[in-house]
2 protein chains.
Amino acid sequence: MKIVKIDMGNLSVNEEAESKYKRLGGRAITSKIIHDEVMATCHPLGAENKLIFATGLLTGSGASSADRYSVGAKSPLTGGIKESNAGGISGLMLGKLGIKALVFSNVREDFKIIHISKSGVKFVDATPILGKDLSVASNWLRDTYGKHVAVWLIGVAGEQKMNLAAIAGQDKDGDPTRFNGRGGLGAVAGSKGIKAIVLDASDVKKNRPSNKESFRKALKQYHSWLMETPGTAKILPELGTASLVETTNTLGALPTRNFSTGAIEGYKNITGETLRETIIERGGEGSTTHACMPGCIIRCSNVYADKSGKRITGPIEYENIGLLGSNLDITNLDEIAELNHLCNELGIDTIETGGALGVLMAQNVISFGDAKGAVSALKEIKNGTPLGRIIGSGAEVIGKLYGEPHVPTVKGQTMPAYDPRAVKGLGVTFATSPMGADHTAGQTVRAQINHHSPEGQVEVSKKAQTVNTIWDNLGMCMFSSGAVQNRWDILAELISAYTGEVYSGEDIVNTANETLKVEHAFNRRAGFTKAHDKLPDYFYVEENKASKTVFDVPQYEVDTIGVNRNDL
Amino acid sequence: MKIVKIDMGNLSVNEEAESKYKRLGGRAITSKIIHDEVMATCHPLGAENKLIFATGLLTGSGASSADRYSVGAKSPLTGGIKESNAGGISGLMLGKLGIKALVFSNVREDFKIIHISKSGVKFVDATPILGKDLSVASNWLRDTYGKHVAVWLIGVAGEQKMNLAAIAGQDKDGDPTRFNGRGGLGAVAGSKGIKAIVLDASDVKKNRPSNKESFRKALKQYHSWLMETPGTAKILPELGTASLVETTNTLGALPTRNFSTGAIEGYKNITGETLRETIIERGGEGSTTHACMPGCIIRCSNVYADKSGKRITGPIEYENIGLLGSNLDITNLDEIAELNHLCNELGIDTIETGGALGVLMAQNVISFGDAKGAVSALKEIKNGTPLGRIIGSGAEVIGKLYGEPHVPTVKGQTMPAYDPRAVKGLGVTFATSPMGADHTAGQTVRAQINHHSPEGQVEVSKKAQTVNTIWDNLGMCMFSSGAVQNRWDILAELISAYTGEVYSGEDIVNTANETLKVEHAFNRRAGFTKAHDKLPDYFYVEENKASKTVFDVPQYEVDTIGVNRNDL
């Protein structure tokens with residue numbers, strides 16, 4: 001496979017052999033390139049930053065839940081290194097084209113569509129799709145370039161280089177609903193004039209495993225685990241990630257009214273069960289289960305329809321219910337769906353948007369529970385009005401604008417839907433991950449531990465950070481990790497058989513830890529210290545009334561796995 | 001003298017002996033208290049931060065230009081330690097009351113007037129003066145408490161905890177025109193519910209020098225230097241700080257159109273000479289020279305009147321001409337005066353405001369040169385509209401909102417009116433001072449050096465940083481430093497004779513360096529590293545067309561006097 005380097009300043013293209021990235025995939029590649037090639041103190045929206053798309057080691061192999069890809073850059077939201085991955089088919093298509101990583105450098109003022117096919121890279125003026133809703137732009141691209149292409153694109157928020165701008169990829173049905181949401185990577189794309197990337201793998205041969213027999217055997221084992229584990233076999237396919245609402249509300253971890261408490265009165269209206277019942281009852285275009293990637297066994301996604309059965313949005317995820325729902329004192333699925341839909345059309349991260357609206361509600365700029373007010377405010381993003389710009393800057397910046405100390409962010413990034421006082425392992429992850437507050441950087445909510453106790457949380461987070469990094473490197477969905485249960489050897493067999501390179505279970509773990517190491521090293525150069533490895537003050541002193549806890553994991557323990565961790 | 005500690009949460013007052021602060025003054029005190037008592041990672045607007053007012057060692061002594069006082073806190077603008085000092089009579093009055101430092105802790109929601117007199121501290125509801133123009137609030141205070149009091153107060157920006165909110169003190173004529181402008185200290189006051197401080201020194205005996213004879217002798221020497229040095233004897237009294245416009249425009253250092261170049265076409269309209277001629281020609285309430293502190297020999301201040309001779313504002317300083325004038329493509333003194341006036345009434349830092357408007361103009365939210373647009377935008381600060389909040393957040397945050405990499409800030413604070421590509425010593429100061437971009441932290445523009453050359457600038461800045469810190473500790477105006485010329489022994493004699501403590505010239509220098517040391521130590525704990533000791537990227541790569549230079553002082557040299565400096 002190859003590395004394709006595109007200078008967006010002069011629109012030149014260079015292809016290189018994968019050489020030193022041969023044994024790496026996904027996040028391991030994006031983070032290594034950023035570490036090696038990006039000046040850590042550079043302005044994230046300036047010419048020195050790079051934006052990298054990389055396929056996972058198993059992307060395209062046909063293994064379930066393994067077609068994810070990573071996007072990386074220095075983040076305008078956190079000021080540190082960032083990787084954000086997503087499913088769907090766009091990463092898969094990049095892999096089919098034989099491209100292991102796509103590296104964009106430099107900046108430009110106007111916007112281009114970058115068309116990549118067997119015959120090379122073409123740059124097309126993006127004017128026809130500027131300022132449009134994401135679905136409109138995506139349809140235009142597929143009408144123009146054919147239904148067989150896969151696309152990545154940014155929305156109006158990315159065009160305006162807003163901190164909460166995402167990059168959207170396409171699911172197997174052609175909908176641009178798979179997001180590299182976190183860290184403002186859409187703004188980095190916007191700064192480089194990348195409106196869309198069209199991937200056309202026509203006349204390209206399918207990738208085949210290097211050792212078919214061995215691959216088939218390992219795959220069988222892996223799939224059987226997925227099919228016999230309750231989470232991946234039943235809970236996620238039936239209820240989706242929304243199955244967590246009941247759990248976190250009970251724990252007192254469901255962010256409520258700008259993370260002021262962890263349980264909400266009307267939570268029954270927004271559980272996974274209610275979501276499922278509502279979708280089934282309404283029928284029509286709705287669906288309780290949906291695979292974003294072809295062949296995915298887990299199929300945790302869904303399509304939410306209105307009362308007449310017409311699709312409003314998809315998927316409604318746990319994080320969206322938490323951030324756009326309870327965090328805003330909204331417990332009505334239709335209202336959450338409308339906000340979710342709007343975020344998708346604007347091309348913005350739902351978590352960061354929920355964080356931003358939460359702080360604005362704490363400041364009474366919009367009232368808690370006022371979904372109409374939230375919708376109307378969000379719409380201002382399109383034209384970049386002052387309020388639109390304010391929302392677009394994310395929760396941390398809004399806190400600075402309004403002098404509000406209650407801002408649920410770490411390293412500038414909004415916490416996903418877990419109050420860290422009630423799921424303390426995630427609190428440790430939020431504090432110490434090189435990514436800022438991010439549950440996918442070290443998810444502990446399913447760990448067998450007393451989530452309210454400070455004990456053992458650092459160890460749990462540390463392990464989870466390694467596991468999540470392994471998954472990010474392989475291009476696998478983190479939801480399969482519960483079924484694999486640290487049995488790395490089967491993963492090693494899968495990769496070895498697929499790529500033809502020999503990997504051991506130990507190699508996989510070591511590469512993940514090496515990835516974390518280069519990420520922390522980059523962040524240190526960018527100016528991060530252990531002073532940044534902490535939660536906002538109020539989590540330590542103001543009790544979460546639902547869980548009756550504060551965050552009390554000792555900082556000296558937290559610091560052992562933060563920016564200065566030396567065990568890697 | 002004593003230290004008065006006020007907990008704004010429960011409105012309790014504690015008095016302590018000055019003990020370990022006995023030999024310190026001004027910035028040395030504020031920075032030591034912050035270093036010793038404030039958790040470096042705390043939220044600047046939270047209960048953990050402290051706001052400290054401290055008199056200089058010579059404040060109240062009767063020495064010319066020596067009645068300044070320092071205000072310090074962790075800054076909401078920079079996230080680091082901050083000291084900002086000002087002249088006028090409020091610091092003098094604090095000293096008369098026998099108070100060396102006034103230390104505010106905790107936070108509160110409502111606003112108080114804190115009345116301090118011989119009989120103690122009283123807290124009064126501030127509702128009658130909330131939301132008012134600063135001059136209205138100040139007059140109300142003096143009408144209510146008597147013309148003999150001195151006041152400190154914040155404006156509507158401080159009430160709303162905006163990053164560019166200043167604290168205003170009063171000049172010898174009762175006007176609240178002396179500002180602790182930088183670093184958002186007005187927002188810290190706002191977070192603590194401090195609307196105003198009224199200082200009533202009735203029935204308090206005047207401070208007398210401990211050794212009159214020796215003091216008189218040293219004072220005579222010091223004053224004779226002030227009266228025989230051209231800068232302090234002639235240039236500053238005649239032209240004020242605006243005398244610099246001609247110099248910096250010639251150097252290519254006058255910030256123009258959001259620091260994109262360093263000279264402006266119509267600069268002749270905004271020079272110190274033009275300012276003086278205009279004031280003289282108009283007569284009436286205008287004055288070309290004005291002492292902010294009683295007995296000041298330098299009298300660099302002025303009062304600017306309109307065509308009918310009615311006072312518009314005062315003083316118009318060089319920094320205001322640079323930031324509210326050329327930086328916004330405005331070369332009309334009446335327009336600058338109006339903006340200046342508005343900043344004063346809102347209680348905001350003119351430098352940060354000019355930086356904020358400059359970035360908004362670079363983004364075409366307001367057009368360059370559009371003074372009316374700027375005035376109308378500034379007025380939105382009063383009601384905290386989205387645009388008002390945006391301006392109130394300062395240039396750095398606005399850059400994040402609009403995805404603009406051309407933002408002339410260091411550590412979040414707007415550069416004063418010197419393009420660092422053309423006065424490179426100041427570039428070094430901006431990059432390395434614990435205060436962020438601040439000319440008063442190490443002014444080099446009057447140094448005998450080729451300002452365009454990278455050579456020798458680190459040494460010049462290093463010396464200037466020590467000198468400025470000495471002046472800040474003594475409560476002296478930095479404009480006298482050119483006349484004193486490092487002859488520390490006379491300063492030591494002055495302080496020794498005034499305070500009764502024995503100081504050598506070496507002591508003075510050592511204390512200043514110790515102050516810098518604790519400031520850098522605090523900033524390291526707050527998370528600053530050498531990654532923060534740099535200018536924005538574009539100053540290194542985009543040429544200032546007026547000076548034909550980029551900033552090219554080698555970073556390894558710059559780093560020797562930054563956050564990790566080990567020579568202190």
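So that the names make sense, note that chain A is the first sequence line, chain B the second, and so on, each numbered from 1. All values reported here derive from a predicted model rather than from experimental measurement.
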**Message:** Could you check whether any side-chain N or O of B:D537 sits under 3.5 Å from a backbone N or O of A:H43, counting only pairs where one atom can act as donor and the other as acceptor?
**Reply:** yes

Interface check, chain A: of B:S393, B:A531, B:G46, most non-hydrogen pairs under 4.5 Å belong to B:A531

Rounded to the nearest 0.5 Å, the CD atom of A:E48 sits from the OH atom of B:Y540 at a distance of 12.5 Å

Enclosure of B:K534 NZ (heavy-atom neighbours >12, cutoff 6.0 Å): yes

With sequence neighbours left out, the residues meeting salt bridge (charged side-chain N to carboxylate O under 4.0 Å, His left out) with A:R524 are none

Scored by heavy-atom pairs under 4.5 Å with chain A, the best of B:R389, B:M162, B:K161 is B:R389

Ordered numerically, the heavy-atom neighbours of chain A under 4.5 Å found in residues 396-408 of chain B are B:V397, B:K400, B:L401, B:Y402, B:G403, B:E404, B:P405

When the 4.5 angstrom heavy-atom criterion is applied to B:R525 and chain A, the contacting part is backbone

With sequence neighbours left out, the residues meeting salt bridge (charged side-chain N to carboxylate O under 4.0 Å, His left out) with A:D7 are none

Counting heavy-atom pairs under 4.5 angstrom with chain B, the leader among A:P386, A:G392, A:P76 is A:P386

For residues 182-191 of chain A against chain B, heavy atoms under 4.5 Å, the residues are none

Rounding to 0.5 Å, atoms CG (A:N523) and OG1 (B:T529) come to a distance of 11.0 Å

Heavy-atom count around B:K112 NZ within 6.0 Å, excluding the residue itself: above 12? yes

